[in-house]
There are 2 protein chains.
Amino acid sequence: MPIAPLFRPIDVAPAYQKVADAIEREIVNGRIKPGDPIGTEHDLVRQFGVNRSTIREGIRVLEEGGLIRRDSSRRLHACLPRYSKLASRLSRALVLHEVTFRELYEASMTLEVASIEGAVERATDENLAELDANLLRSEAVVGDPAMLAECDAEFHVLVAKASQNRVLQLAREPAAQLFYPTTEMIVTGVAEGGPRLVAAHRHLIDAIRDRDREAGVLWTRRHLQDWRRGFEKIASLDRSVEHMYMEHAQAARRR
Amino acid sequence: MPIAPLFRPIDVAPAYQKVADAIEREIVNGRIKPGDPIGTEHDLVRQFGVNRSTIREGIRVLEEGGLIRRDSSRRLHACLPRYSKLASRLSRALVLHEVTFRELYEASMTLEVASIEGAVERATDENLAELDANLLRSEAVVGDPAMLAECDAEFHVLVAKASQNRVLQLAREPAAQLFYPTTEMIVTGVAEGGPRLVAAHRHLIDAIRDRDREAGVLWTRRHLQDWRRGFEKIASLDRSVEHMYMEHAQAARRR
DNA sequence: TCTGTCCCTTTGTCCGACAAAGCTAGAGCC
DNA sequence: GGCTCTAGCTTTGTCGGACAAAGGGACAGA
């Protein structure tokens with residue numbers, strides 16, 4: 001028979017963790033709003049009654065978590081965690097877990113179709129203007145695989161943004177970040193890849209403008225299937241995401 | 001005319017960041033494998049030639065990023081970032097960005113449907129056994145909203161796991177974590193909610209076992225629509241995720 | 001063989017210090 | 001009066017050393 005639980009486990013978190021938790025609580029429950037200053041390290045030393053080294057360790061935790069940042073003058077203030085940084089963390093995790101391109105492809109097919117559906121339904125004129133601008137840039141760099149891959153990545157970010165669904169936006173980002181480097185390789189290796197990519201984007205913008213859901217879904221599928229065919233010319237879908245891709249993700253994160 | 005780039009920007013990151021980056025690089029590119037020991041703080045002091053305080057700040061960054069952990073004896077070793085922890089970070093971000101339940105619902109509809117499709121296609125006998133076990137537990141606690149909500153959350157994690165797609169698994173988790181507390185509220189408020197929930201789970205397991213994709217999708221949709229109807233009895237879908245839900249997420253993260 | 005003890009290592013925390021960079025305010029100049 | 005420039009104060013990043021608590025390991029004794 002199990003004995004009645006007389007005692008609760010004691011919370012023996014180290015001090016720096018308690019500092020981080022305390023500040024996090026204040027931010028998450030809204031008492032400290034994004035943009036509000038946190039105070040200097042010395043302030044925190046006085047408030048928490050612990051050493052500055054301890055405070056600094058707590059600050060590192062929060063900084064890495066994206067809850068606080070230092071502005072140009074290195075002063076601390078609360079902030080909204082940024083999607084791209086969070087997504088980079090996730091991408092890194094996916095790489096370490098050695099997910100396959102098949103998993104990436106399947107998940108992206110779902111997420112990008114959902115994005116376009118949302119975009120078709122809710123895109124604003126401003127969204128469309130951004131997409132048009134992106135298309136123009138893409139057309140200008142159709143011969144430059146690296147630039148084109150960058151435009152492609154941005155295009156899909158803009159489509160997700162046009163869906164007005166931030167959950168979707170965040171959910172699709174990690175997989176998209178891992179796609180990005182392969183797009184460059186594919187456009188480099190397949191001659192007609194660049195023009196096909198730009199043409200697909202054009203159809204997608206048209207579909208959004210015409211609020212034509214069918215067309216949007218259809219061209220998203222084709223676009224991704226194009227990627228897949230191109231990828232299978234250089235590697236198997238069952239290959240796991242290589243460590244080398246992290247270089248891209250790391251560079252992106254620092255930006 | 002742009003001048004030829006004679007110099008590259010100098011990297012002026014603080015030392016603790018460089019320490020963290022250096023260790024991260026070794027882990028990400030595979031030279032340090034998950035499970036490998038990192039060495040003591042003193043070792044790192046010797047290797048990097050910086051003060052222990054600096055090393056410790058770097059360690060905090062990596063620890064928060066989920067790349068290294070301390071085992072029972074507090075020794076450092078590399079590890080695979082855990083999905084639940086990453087997802088908690090994302091959930092926290094979604095709360096701070098004040099996403100609406102409508103966004104959550106729409107994204108989840110997409111992600112859960114994709115999960116069930118994958119599960120129908122690829123679930124193993126072991127996956128099914130886990131789902132069966134979960135169903136038994138759910139039936140036992142159908143009168144206890146808190147326990148039932150927990151079972152429901154676990155059920156959907158198991159379905160995603162059965163899809164064998166880790167990208168999907170990770171993508172759906174943040175939204176799912178935010179659903180969890182509302183499920184309890186709904187089951188509490190709506191009398192027939194518990195039995196309907198369990199019935200839906202039963203149909204979903206049947207669909208997976210029979211490899212009946214149509215039924216799987218249908219019952220996933222119904223299951224989520226049930227949630228939606230229940231939710232709309234207590235609040236508007238356009239309400240943003242409340243700060244109070246973070247308490248759940250925080251508790252989950254510590255586990 | 002098991003157990004209890006002692007010692008060494010490691011971590012978490014503290015104290016004090018200092019150089020570099022930012023910010024502030026007053027001096028000096030037009 | 002308004003502007004610029006400099007000196008001083010503040011803050012951060014880093015360093016060196018210190019110590020208590022906890023864990024691990026070796027070693028002696030039952």
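Order of the sequence lines fixes the chain letters, A, B, ..., with proteins taken first and strands second; residue numbering starts at 1 for each chain. Every heavy atom of this structure was used, including side-chain atoms; hydrogens, water molecules and symmetry mates were not.
For a distance-only test at 3.5 Å, the side chain of A:Arg74 fails to qualify as a donor-acceptor partner of the base of D:dT10. Side chain B:Arg75 to base D:dG23: no donor-acceptor pair is found below 3.5 Å.
Enclosure of atom CG in A:Asp238 by more than 12 non-hydrogen atoms of other residues, nucleotides or ligands within 6.0 angstrom is indicated. Atom CZ of B:Arg137 has more than 12 heavy atoms from other residues, nucleotides or ligands within 6.0 Å.
The side chain of B:Val50 lies closest to D:dC15 when the candidates are C:dG12, C:dT10, D:dC15. Taking only side-chain atoms of A:Ala15, from C-beta outward, the nucleotide of D:dC15, D:dG13, C:dT13 with the closest atom is C:dT13.
With hydrogens and angles ignored, the 3.5 Å screen pairs no side-chain donor or acceptor of B:His97 with any backbone N or O of A:Val167.
Here C:dA17 presents its C1' atom at 15 Å from NE2 of A:His42, a figure rounded to the nearest Å. The distance between atom CG of B:Leu44 and atom P of C:dT9, rounded to the nearest whole Å, is 17 Å. Protein atom CZ of A:Arg56 is 7 Å distant from nucleotide atom P of D:dT14, rounded to whole Å. The CD1-P distance, from A:Ile55 to C:dC15, rounds to 12 Å in whole Å.
Looking only at side-chain heavy atoms (C-beta outward), A:Phe48 and A:Thr54 stay at 4.5 Å or farther from each other.
For B:Asn51, no side-chain nitrogen or oxygen approaches OP1 or OP2 of D:dT14 to under 4.0 Å.
Counting any heavy atom pair closer than 4.0 Å across all strands shown, B:Arg52 reaches a base atom.
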